[in-house]
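Throughout, a chain's letter reflects where its sequence line sits, starting with A, and its residues are numbered from 1.
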Protein chains: 2
Amino acid sequence: MDKVYKTVIVDDHPIVISGISGLLADLETVEIVGKLQSGVLLVDYIEENQVDLILMDIFLPVINGVDLCKTIKQKYPQIIIIGMSSQSERSLVMQFIQNGGNGYVLKSASFEEFGNCINNVIQGEIVFSDEVKTIISQPVSDDLEHIPSLSRREKDITLLLSKGKSTQEIADELFLSFLTVQTHRRNILQKYKTKNVAELIAFLLKNNLLN
Amino acid sequence: MDKVYKTVIVDDHPIVISGISGLLADLETVEIVGKLQSGVLLVDYIEENQVDLILMDIFLPVINGVDLCKTIKQKYPQIIIIGMSSQSERSLVMQFIQNGGNGYVLKSASFEEFGNCINNVIQGEIVFSDEVKTIISQPVSDDLEHIPSLSRREKDITLLLSKGKSTQEIADELFLSFLTVQTHRRNILQKYKTKNVAELIAFLLKNNLLN
DNA sequence: AGCTTTTTACCTGATATCAGGTAATAGGAA
DNA sequence: TTCCTATTACCTGATATCAGGTAAAAAGCT
């Protein structure tokens, strides 16, 4: 007789918990023993109960999933942990795995994908849902990978630019010469290979580099 | 005997659909007749089936929830539509309601909240889950309230602006006069009371009006 | 059919941005 | 201490943007 994995679901959305529960109910290898809404509750739960498998949201209030995973794996390396999120970002997935995660699944994954991942992860594999696989396997043209970062002064200036300030206004506000601000502007545009501030602001906001 | 509301759930995450289904199964007033993963499928479904209530994710691929809601309400004003999302933003909720939405619920809402909202919305009320209520009841300087929307052409132009295109390039691309594009630019800046394109793009992206 | 909004288009002048240079000083890291 | 990056600053000329005005088609709504 196969082992039945005592499984805990951690997510701050009751709906998601309910959804996963419904899905896992069909699998005979897992048994849901806990439905928790925060990382703190999870840590407490593990202290006092037998747990074999954890499905956890990465974006949890207070503690983030990566740190939570690391903490748990340090004390209980035998527990299998699968991370979940709505959107996936390459670096985030990598971080999660590097901190001991056994898999990463997007919430947009189909039921079938979900089931497959669970089945494979208990075989000892590191599992990813299809979309995650696509994202992490992209060769990532090396130059596109490292997005240059802004220096302190450059951040000051881009922030003011995004508020519609002109070069002169920025110079006044930061007690700099008009010409200095102009130099910074040029450097910033060059850094991101953008033609003008409009494109620059769009790029920064889309890459969460502003604020 | 009370009417049973034929209900459709629209979300690109199968898990969420499953979760809501589970929850609604307990309610006797609603009957789930459709589980769809996109706005396009929803529009098709409505054409050919009787629908009384829609629960839709706001962040859907291709079409956003607000526009989808507007489109549906124009043709079928009697259909009750509840919006859902993970995080709530005041302006987004307001926009949704202004475009005909009958309620807005966070996915982090408890089962009880969810149930209450459904029960009340079919009584004709506009409903919000608790957290949404908190957010929208915060006093806001009235002028910040109504965000004007862009016309089709204006959207075309802002999109190109965000890609760093100059007035001349936009004119060429859209087969318009340079002067026409200039007029559009001015109107758009005026519409949002922004000083220049940088501020405009920042505003649009922060308010999810671009793309 | 009449009204409103959108889209198109033109003119002018004041400012601002962009792109090409160069270069001294300050601060942090190896 | 040496090297590198960041920060500061100046010059010039070509383009682009912004702000003010006006107005006629075209499209959409009632």
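A sub-4.0 Å separation between OP1 or OP2 of D:dA9 and a side-chain N or O of A:Thr180 is present. Applying the 4.0 Å criterion to OP1 and OP2 of C:dT8, one finds that B:His184 has a side-chain N or O inside that range.
The CZ atom of B:Phe178 sits 11 Å away from the P atom of C:dC10 (whole-angstrom rounding). With rounding to whole Å, A:Asn187 atom CG is found 13 Å from C:dA23 atom C1'. Rounded to whole Å, atom C1' of C:dT8 lies 16 Å from atom CD1 of B:Ile170. Distance, B:Ile201 CD1 to D:dT17 P: 12 Å, rounded to whole Å. Distance CG (B:Leu189) to P (D:dA19): 7 Å, rounded to an integer number of Å. To the nearest angstrom, C1' of C:dT6 lies 12 Å from CD1 of B:Ile188. The interatomic distance linking B:Gln190 (CD) with D:dG20 (C1') rounds to 10 Å, in whole Å. Rounded to an integer number of Å, the gap from NZ of A:Lys195 to C1' of D:dA16 is 9 Å.
Taking a 4.0 Å limit (strictly below) on heavy-atom distances, residues 151-169 of chain A reaches DNA chain D at A:Ser151, A:Arg152, A:Arg153.
Shown here are the side-chain contact (heavy atoms from CB on, under 4.5 Å) partners of B:Ser86, two or more places apart in sequence or in another chain: A:His13, B:Lys107.
Projected onto DNA chain C by closest heavy-atom contact, B:Phe175 and A:Arg186 fall at different nucleotides, the more 5' of which corresponds to B:Phe175. Looking at which nucleotide of DNA chain C each of B:Thr183 and B:Asn196 is closest to, the 5′-most match is held by B:Thr183.
The pair B:Asp67-B:Lys70 does not count as a salt bridge, with every side-chain nitrogen at least 4.0 angstrom from each carboxylate oxygen.
At least one donor-acceptor pair under 3.5 Å links the side chain of A:Asn64 to the backbone N or O of A:Val66. B:Thr7 contributes a side-chain N or O that, together with a main-chain N or O of B:Tyr5, makes up a donor-acceptor pair within less than 3.5 Å.
Distance from the side chain of B:Val197 is smallest to D:dC18 among D:dC18, C:dG21, C:dC18. Of all nucleotides listed (D:dT8, D:dC10, D:dA19), D:dC10 comes nearest to the side chain of A:Ser177. In the set D:dT7, D:dT17, D:dC10, the nucleotide with an atom closest to the side chain of B:Arg185 is D:dT17. In the set D:dC11, D:dT17, D:dT7, the nucleotide with an atom closest to the side chain of B:Gln182 is D:dT17.
In this pair, B:Phe203 and B:Tyr192 present their aromatic rings tilted. The plane angle is within the 30 to 60° band.
Nearest heavy atom pair, residue A:Ile72 against residue A:Ile79, reads CG2-CD1, 4.3 Å.
Between the side chains of B:Gln123 and B:Asn119, no donor-acceptor pair of N or O atoms lies under 3.5 Å.
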